[in-house]
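Below, read A as the first sequence line, B as the second, and so on, with proteins coming before strands; counting in each chain starts at 1. This structure is a prediction, so every number in the text was calculated from the model and none was measured.
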Protein chains: 2
Amino acid sequence: MVTLAEVARHAGVSASTVSYVLSGKRSISSGTRDRVERSIKELGYHPNAGARALASSRSNIIALMMPLRTDMYVPVMMEIAIAVATTARAHGHDVLLLTGEEGPAAVRRVVGSGLADAMILMDVELLDARLPLIRETGRPAVLIGLPADTTGLTCVDLDFAATGALCAEHLAGHGHREIAVVGEAAAVYERHTGFAERTRDGLHRRARELGLRTLHRPCEGSYESMAGTLARIFDERPGTTGFVVQNEAAIDPLLSLLRQQGRAVPEDVSVVAICPDQVAAQAAVRLTSVAIPAQEMGRRAVELVMAKLDGRDDDGTRQVTLLPPELTVRASSGPAPVTG
Amino acid sequence: MVTLAEVARHAGVSASTVSYVLSGKRSISSGTRDRVERSIKELGYHPNAGARALASSRSNIIALMMPLRTDMYVPVMMEIAIAVATTARAHGHDVLLLTGEEGPAAVRRVVGSGLADAMILMDVELLDARLPLIRETGRPAVLIGLPADTTGLTCVDLDFAATGALCAEHLAGHGHREIAVVGEAAAVYERHTGFAERTRDGLHRRARELGLRTLHRPCEGSYESMAGTLARIFDERPGTTGFVVQNEAAIDPLLSLLRQQGRAVPEDVSVVAICPDQVAAQAAVRLTSVAIPAQEMGRRAVELVMAKLDGRDDDGTRQVTLLPPELTVRASSGPAPVTG
DNA sequence: GCGGTATGTTGAAGCGCTTCGACAACGCCT
DNA sequence: AGGCGTTGTCGAAGCGCTTCAACATACCGC
């Protein structure tokens with residue numbers, strides 16, 4: 001392996017000069033810089049990451065903690081992960097992938113060893129066991145998701161309450177009076193992952209203001225469970241004409257079942273989904289949907305982390321970034337059918 | 001931050017002794033070991049990763065290179081990634097997540113800087129641009145997938161040729177004579193990601209041996225493209241009674257469309273999918289399928305990497321590990337309908 | 001032509017760990 | 001009792017980089 005010293009010798013300068021050329025922390029005459037850069041290229045030099053981390057106490061790595069759960073919608077996680085990795089690289093950082101498996105201990109390990117300069121946590125629960133650690137270590141961290149108490153924390157998330165409200169408004173605007181919400185799997189609510197509850201509550205509140213009747217039912221993603229859920233919904237509220245689906249896995253089953261039952265979308269029943277645009281566009285009926293801005297969330301999280309690492313900490317204000325939901329009208333929603 | 005030296009002082013031993021307690025590379029009397037371990041716990045010591053990497057030229061990090069593509073089935077990738085991370089942790093290693101974005105340069109960077117001790121590459125193409133680098137750097141690497149030329153490389157993959165053959169056998173065994181294969185998106189074949197072609201070829205060969213007529217059609221995952229593909233299949237081969245689906249995204253659309261056309265599964269038409277078990281079990285009809293052992297692939301890849309890092313290199317033999325396919329019979333396949 | 005400020009470059013001191021060779025202390029054998 | 005191999009511990013030399021203080025040089029106004 002080529003070392004900095006060899007580059008220095010080759011270029012006829014001192015090691016520190018090479019270092020300053022690399023980091024740009026000191027001004028260097030363009031002549032020297034050129035010579036050094038040429039030597040670097042010629043020798044195929046790559047700075048040693050360990051030595052760098054040791055000397056500068058900066059690893060240029062940020063840790064991304066992902067859950068292990070399988071009841072979350074995986075493509076969204078993946079999209080966030082990729083956005084995080086891509087954005088981090090654009091800032092000269094790499095991403096360490098941590099699974100939830102180790103739990104809070106992973107935070108301690110990674111922070112304690114100086115392996116990562118900062119962390120991004122996904123799948124945050126309302127009372128997340130990792131939060132105390134994050135607060136006490138004081139290492140830069142950004143959460144994707146919203147815990148119950150956000151004091152001292154920086155969070156990014158879609159504004160799910162507004163998302164729920166937006167869905168209610170859209171359906172109300174088309175004259176629907178009774179709507180059903182196909183929620184996430186029951187386990188998601190039990191675990192108190194905030195987003196599902198915030199969506200539900202935001203939707204309920206706005207629906208009440210608009211005079212809508214709502215019915216909220218959790219649902220596993222499978223075809224069978226969707227069948228059961230749907231039957232119970234129409235059983236309890238035969239007048240239901242609008243659906244909001246939050247569990248992406250339930251989308252295809254729902255559309256299948258509705259068609260099977262002879263209910264046309266959007267003529268008889270309108271459907272609004274909360275899902276990535278790609279999913280909405282590829283479904284059997286092109287779905288009116290509120291997008292989950294996975295990429296944007298990942299990107300923002302990294303930007304916030306970088307700001308902290310660079311010490312431009314926005315006064316510690318505006319700690320919670322809620323992305324405004326955007327509803328795209330496609331082919332699955334329309335005026336409520338004229339009854340009676 | 002607590003350092004090794006402080007632990008040593010606290011325990012009344014030398015720094016090297018603490019180091020040897022930690023690494024176990026030298027025998028230590030149980031008395032000393034206890035004292036050191038107690039000090040470590042008491043002081044909350046975590047070895048500094050950078051210093052360790054510098055001194056030992058081992059970072060205890062393995063890099064996982066994932067593609068950025070969106071035409072691959074994401075959940076499988078994710079499952080592999082998580083299995084890799086989990087298994088790596090069990091071996092005391094962490095995982096660095098690299099996206100395809102940087103391309104081959106990422107290999108050079110990560111290897112050159114000593115950031116990672118080894119690499120695992122996913123989404124390997126037949127003529128992958130990363131392979132020459134891998135070969136020349138000589139760093140331990142394992143591919144998930146099979147390139148055209150595997151000399152000097154270690155690979156893990158599902159035996160897709162056998163998978164295709166197995167599907168043909170299953171359908172032939174039930175008396176089907178004309179079968180259609182719904183393949184991956186055309187882009188996947190154009191990119192020459194080996195698995196799709198190997199499945200196709202394996203299936204064709206066995207089908208010919210068994211006297212089956214086959215028709216292979218690539219298919220994007222969307223509902224619309226599946227509709228088009230299906231129409232063309234029945235147009236060209238009205239007698240088709242068996243389907244093999246390789247594109248997971250096409251599964252739900254296919255089942256929907258078949259039902260819509262009044263073709264009952266499995267009475268009129270049998271369907272065999274190549275997909276993760278979970279997908280097969282959750283579909284509208286529980287699918288007879290060949291599982292994609294994502295977890296197993298991730299786990300194996302890490303085990304192989306670890307073997308290389310530990311110098312137990314299995315004589316360099318058995319470089320290619322092909323996992324045997326397993327077909328699970330569920331509710332979507334059965335005897336071919338009696339014609340005439 | 002002088003003090004003073006920029007500007008460019010350098011030597012040396014670590015960063016916290018691993019690891020090698022040395023060494024003491026302790027049986028054990030003959 | 002003397003030499004032997006074993007076992008447990010230590011000191012010191014780095015690993016390759018960053019960064020500080022110091023220095024050399026050039027340039028400015030007066």
Side-chain angles (χ1 to χ4, degrees), chain A residues 1-37 39-40 43-61 92 109-117 309, chain B residues 1-37 39-40 43-61 92 94 109-117 309 311:
Chain A
M1 287 289 90
V2 189
T3 71
L4 202 169
E6 300 179 56
V7 174
R9 200 174 319 129
H10 186 270
V13 297
S14 76
S16 34
T17 301
V18 177
S19 177
Y20 286 125
V21 167
L22 250 34
S23 68
K25 292 192 179 172
R26 216 90 150 183
S27 54
I28 300 284
S29 71
S30 62
T32 339
R33 193 189 2 264
D34 285 359
R35 243 170 335 121
V36 170
E37 279 170 353
S39 296
I40 288 178
L43 302 180
Y45 168 68
H46 284 274
N48 178 294
R52 209 166 228 205
L54 177 57
S56 65
S57 351
R58 289 284 238 102
S59 64
N60 289 337
I61 289 180
R109 184 173 65 82
V110 166
V111 163
S113 67
L115 223 192
D117 298 332
L309 285 176
Chain B
M1 286 291 91
V2 189
T3 71
L4 201 169
E6 300 180 56
V7 173
R9 200 172 321 128
H10 186 272
V13 298
S14 76
S16 35
T17 301
V18 177
S19 178
Y20 286 125
V21 167
L22 251 33
S23 68
K25 291 191 180 171
R26 224 106 140 171
S27 54
I28 299 284
S29 71
S30 62
T32 330
R33 190 185 9 260
D34 285 358
R35 247 174 327 126
V36 170
E37 280 169 353
S39 296
I40 288 179
L43 301 179
Y45 168 70
H46 284 275
N48 178 295
R52 210 166 227 205
L54 176 57
S56 65
S57 351
R58 288 287 237 98
S59 65
N60 289 337
I61 289 179
D94 274 293
R109 184 173 64 82
V110 166
V111 163
S113 67
L115 223 192
D117 298 333
L309 284 175

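- Counting all heavy atoms, side chain and backbone alike, B:L4 lies closest to B:A15 at CD2-O, 3.2 Å.
- For B:E37 (side chain) and B:D34 (main-chain N/O), no donor-acceptor pair under 3.5 Å exists by modelled atom type.
- Scored by the side-chain hydrogen bond (donor to acceptor under 3.5 Å, both in side chains) test, A:T32 finds A:S29 as partners (sequence neighbours excluded).
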| query | What does nucleotides 16-23 of chain C look like as a protein-contact string, B for base, S for sugar-phosphate only, - for none, at under 4.0 angstrom between heavy atoms? | reply | BBBBBBB-
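- At least one side-chain heavy atom of B:I40 sits less than 4.5 Å from a side-chain heavy atom of B:L22.
- With sequence neighbours left out, the side-chain hydrogen bond (donor to acceptor under 3.5 Å, both in side chains) criterion links A:S16 to A:S14.
- Contacts of B:H10 classified as side-chain hydrogen bond (donor to acceptor under 3.5 Å, both in side chains), with partners at least two apart in sequence or in another chain: B:S39, B:E42.
- Proximity of B:V21 to B:V13: side-chain heavy atoms (C-beta onward) are nowhere separated by under 4.5 Å.
- The two residues A:S59 and A:D117 have their closest heavy-atom pair at N-OD1, 2.8 Å.
- Taking 4.0 angstrom as the limit, A:S27 places a side-chain polar atom (N or O) nearer than this to OP1 or OP2 of C:dG8.
- An end-to-end axis angle of 30° holds for the helix from C:dG1-D:dC30 to C:dT30-D:dA1, taken from five base pairs per end and rounded to 10°.
- Of all non-hydrogen atoms in B:A11 and B:R35, the two that sit nearest each other are O-NH1, 2.8 Å.
- The shortest distance between side-chain heavy atoms of B:V7 and B:V2 falls below 4.5 Å.
- For the contact set between residues 28-36 of chain A and DNA chain C, defined by any heavy atom under 4.0 Å, the members are A:I28, A:S29, A:T32.
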